[in-house]
Amino acid sequence: MDYSKLRREVIAFIDAHEKEQLEFLVRLCDQNSYSFNPDGVNKVGEMIVDNLNGIMPVHEVETLEKVGRTHIFRSSEHAKSIYLLGHMDTVFPPEHAFQACSVNGDVLAGPGTGDMKGGLVVIIYALKALHHAGVLRELKISTIFNSDEEIGSKYSRPVMERERERAAMCLVTECAGLDNQIVISRNGKMGARMSSFGKPQHVSVGNHEKSSAILEAARKIIDIEALNAIYPGVSLNVGKVSGGLGPATIAAEAEAYVDIRWEHEEHKDRLIGNVQSIVAQQALAGCHSEFEVLNWRPSMPYTGRNRELIDIIQSTAGEIGQQVPAEHRRGSSDANYFGSAGVPTVDGLGPISQWDHTADEYISIPSLHDRTRLLASVLLRLGESAG
């Protein structure tokens, strides 16, 4: 393999298809693919399949409960391979106002541009370029296009845990940091629901000593939020609360959804134990609360096994005129499943993005093409290193 010659050919292909790549990204983002809109997610999957038709010879489909289908592609049948991860779902339901893309100079705003349809087209066009150069089938590459990452990969988790056993290393194209950072470690994350129960009655009946599920939940929420920073890298957030029938009724039920994150895996059990203790303790007579784990991912630590992969990525970036500093990120992704199992894993290989999960989400268009050049070049370099 003449690495330098192939890299020039691959980059030339990517440069020649910049407009096409951007247009494809706009079509992906204009198609709603909210996690619980399986039809929309499946339409995004069909668009990806059409683009990779004839390029990746092995295509497997995972049909999952309640969400869209997850797609796995392989360049060939092999025991171990480089895994590329991306997800097709977004956080914006069909009724949300943010449903279409707009271009303003070097900025593409739109739902899922950064998180993470921009990363999907980085993978797709890197693979197209490698196929054009005639080397894709020689490289041992598997890709997973997941359908429920935004809800913690609740339904696809068994797929991730199965596939990581076949991974020699893992590259993930979630968005880059604002200074072009790649991600070398991530917090663990748990999504949970606290359900509180009381005794309903009209506010005019009895005295002020009421068994209100809302008041029970409120006191526990204050105690849960007080756990922030109890350990280094720990954060907790109660992000959604609901309950009650109306202002003149003492609430019989209330719910609070909790996001819990930790940097060091050894803190997880103690942290969750603290939350469960708060939930179990009765705050008001006649009330009680329950704690339910909805989804969770282990933390993705930085390890010595990552160092060689990081060095290859950063040195390859330097060869093509890019700089990619490394960072820890407090968010989690499907990278956590692979990195936590000891698979050398690097994330943040997608385009530069900001304000994801909001109606201001955007990516830098030049970074979309830079990251495609980088990913394709890194895959070539890894292929050269493996002989």
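Residues: numbered from 1 along the sequence shown.
For the pair V346/M169, no side-chain contact is recorded, criterion being any heavy-atom separation below 4.5 Å from C-beta on. In this structure the side chain of D115 reaches within 4.5 angstrom of the side chain of E150, judged on heavy atoms. Between V49 and F73, the closest side-chain pair of non-hydrogen atoms falls below 4.5 Å. S75 has its side chain within reach of I141: a pair of non-hydrogen atoms, C-beta onward, lies under 4.5 Å apart. By the 4.5 Å heavy-atom criterion applied to side chains, L85 and T143 are not counted as neighbours. Side-chain atoms of K154 and W296, non-hydrogen and from C-beta on, never get closer than 4.5 Å to each other. Inter-residue side-chain proximity for I310 and Y302 is flagged as met; some heavy-atom pair is nearer than 4.5 Å. Two residues are said to be in side-chain contact when any heavy atoms from C-beta on lie closer than 4.5 Å; L25 and I363 meet this criterion.
With a 6.0 Å radius and a threshold of 12 heavy atoms from other residues, nucleotides or ligands, K66 has its NZ atom at or below the threshold. Taking a 6.0 Å sphere around CG of L294, one finds it holds more than 12 heavy atoms contributed by other residues, nucleotides or ligands.
Atoms CD1 and CD, on I214 and E253 in that order, are 11.0 Å from each other to the nearest 0.5 Å. Atom OH of residue Y337 and atom CD1 of residue I144 lie 11.5 Å apart, to the nearest 0.5 angstrom. Here I182 contributes atom CD1 and I313 contributes atom CD1; the two are 5.0 Å apart, rounded to the nearest 0.5 Å. Rounding to the nearest 0.5 Å places SG of C170 at 10.5 Å from CD1 of I82. Distance CD1/I352 to CD1/I365: 12.5 Å, rounded to 0.5 Å. Of the inter-residue distances, the one linking K240 atom NZ with E255 atom CD reads 8.5 Å to the nearest 0.5 angstrom.
Looking only at atom types and distance, the side chain of S147 has a donor-acceptor partner in the side chain of T70 under 3.5 Å away. Remark: the D148 side chain and the S35 side chain contain no N/O donor-acceptor pair separated by less than 3.5 Å. The closest side-chain donor-acceptor pair between D311 and Q314, if any, does not fall under 3.5 angstrom.
Side-chain atoms of N180 come within 3.5 Å of backbone atoms of Q323 as a donor-acceptor pair (strictly under, hydrogens ignored). Looking at S277, its side chain never comes within 3.5 Å of a backbone N or O of G273 through a donor-acceptor pair. With hydrogens and angles ignored, the 3.5 Å screen pairs a side-chain donor or acceptor of R305 with a backbone N or O of G342. T173 places a side-chain N or O within donor-acceptor distance of the main-chain N or O of G119, the cut-off being under 3.5 Å. A donor-acceptor pair is defined here as one N or O able to donate and one able to accept, closer than 3.5 Å; no such pair exists between the side chain of D259 and the backbone of G191. Listed for the N51 side chain is no donor-acceptor partner under 3.5 Å among the backbone atoms of I48. E95 places no side-chain N or O within donor-acceptor distance of the main-chain N or O of P93, the cut-off being under 3.5 Å. Looking only at distances, no side-chain donor or acceptor of N146 sits under 3.5 Å from a matching main-chain atom of D334. Between the side chain of E174 and the main chain of G348, no donor-acceptor pair closer than 3.5 Å is present. Not one N or O on the side chain of E361 forms a donor-acceptor pair closer than 3.5 Å with the backbone of A109.
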- Could you give me the CA-CA distance, side-chain angles and deciding distance for E319 and S377, then say whether side chain to side chain contact (heavy atoms under 4.5 Å, CB included) is met? CA-CA 9 Å; E319 291 170 0; S377 299; over 6 Å; no
- Evaluate the criterion side chain to side chain donor-acceptor pair (under 3.5 Å) for residue pair E265 and S340; output intermediate values, then yes/no. CA-CA 9 Å; E265 197 65 21; S340 66; over 6 Å; no
- Task: Take S142 and S81 through the test side chain to side chain donor-acceptor pair (under 3.5 Å) and record every step on the way to the result.
- Result: CA-CA 6 Å; S142 297; S81 64; 2.9 Å; yes
- Verdict with reasoning, H202 to T249, per side chain to side chain contact (heavy atoms under 4.5 Å, CB included): CA-CA 5 Å; H202 193 280; T249 304; 5.6 Å; no
- Residues N274, I230; criterion side chain to side chain contact (heavy atoms under 4.5 Å, CB included); working and verdict: CA-CA 10 Å; N274 287 336; I230 188 173; 3.6 Å; yes
- Message: What verdict does the side chain to side chain donor-acceptor pair (under 3.5 Å) test give for R297 and S332, after you've listed the backbone C-alpha separation in whole Å, the side-chain angles of each residue and the deciding distance to 0.1 Å?
- Response: CA-CA 7 Å; R297 292 190 183 101; S332 71; 2.9 Å; yes
- When you look at L130 and L380, which way does the side chain to side chain contact (heavy atoms under 4.5 Å, CB included) test go after all the steps? CA-CA 8 Å; L130 294 169; L380 278 176; 3.7 Å; yes
- Task: Please test Y125 against E20 for side chain to side chain donor-acceptor pair (under 3.5 Å), starting from the C-alpha separation and ending with a verdict.
- Result: CA-CA 10 Å; Y125 276 80; E20 176 187 298; 2.8 Å; yes
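Residues A254 and A217 approach most closely at CB-CB, 4.2 Å, considering heavy atoms. In this structure, K199 and I250 approach most closely via the heavy-atom pair O-CG2, 3.7 Å. Considering all non-hydrogen atoms of both residues, S364 and P351 come closest at O-CB, 4.4 Å. Closest approach of I14 to H369, counting heavy atoms only: CG2-O, 4.3 Å. Across all non-hydrogen atoms, the minimal contact from N187 to N336 is O-ND2, 2.9 Å. Minimum heavy-atom separation, N32 to Q99: ND2-OE1, 3.1 Å.
Using a cutoff of 4.0 Å between basic side-chain nitrogens and carboxylate oxygens, E149 and R157 are not scored as salt-bridged. Contact check on R7 versus E384 returns no salt bridge, with no Lys/Arg side-chain nitrogen under 4.0 Å from an Asp/Glu carboxylate oxygen. Ion pairing between R27 and E23 fails under the 4.0 Å rule for side-chain N and carboxylate O. Under a 4.0 Å N-O distance rule, the pair D347/R186 qualifies as a salt bridge. In this structure, D223 does not pair ionically with R219, as no charged nitrogen and carboxylate oxygen lie closer than 4.0 Å. A salt bridge links E327 with R329; the closest basic N to acidic carboxylate O contact falls under 4.0 Å. Of the charged side-chain nitrogens involved, none lies within less than 4.0 Å of a carboxylate oxygen, so that E60 and R69 do not count as a salt-bridged pair.
In this structure, R193 is not positioned above the aromatic face of F291 in the sense of NZ or CZ being under 6.0 Å from the six-membered ring centre and within 45° of the axis. A cation-pi arrangement is absent between K189 and W262, since the terminal nitrogen or guanidinium carbon is not both under 6.0 Å from the aromatic centre and inside a 45° cone about the axis. The cationic atom of R381 (NZ for Lys, CZ for Arg) lies less than 6.0 Å from the six-membered ring centre of Y3 and within 45° of the ring axis.
There is a path of hydrophobic side-chain contacts, each under 4.5 Å, that joins M88 to I123. A single hydrophobic cluster is seen to contain both M56 and L84, as judged by linkage of ILVMFWY side chains at heavy-atom distances under 4.5 Å, directly or through other members.
For F92 and Y34, the ring centers sit 6.0 Å or farther from each other. Taking the six-membered ring where the residue is Trp, the centroids of H71 and F145 are separated by 6.0 Å or more.
Between F197 and H288, the ring-plane angle classifies as parallel under the 30° and 60° cut-offs.
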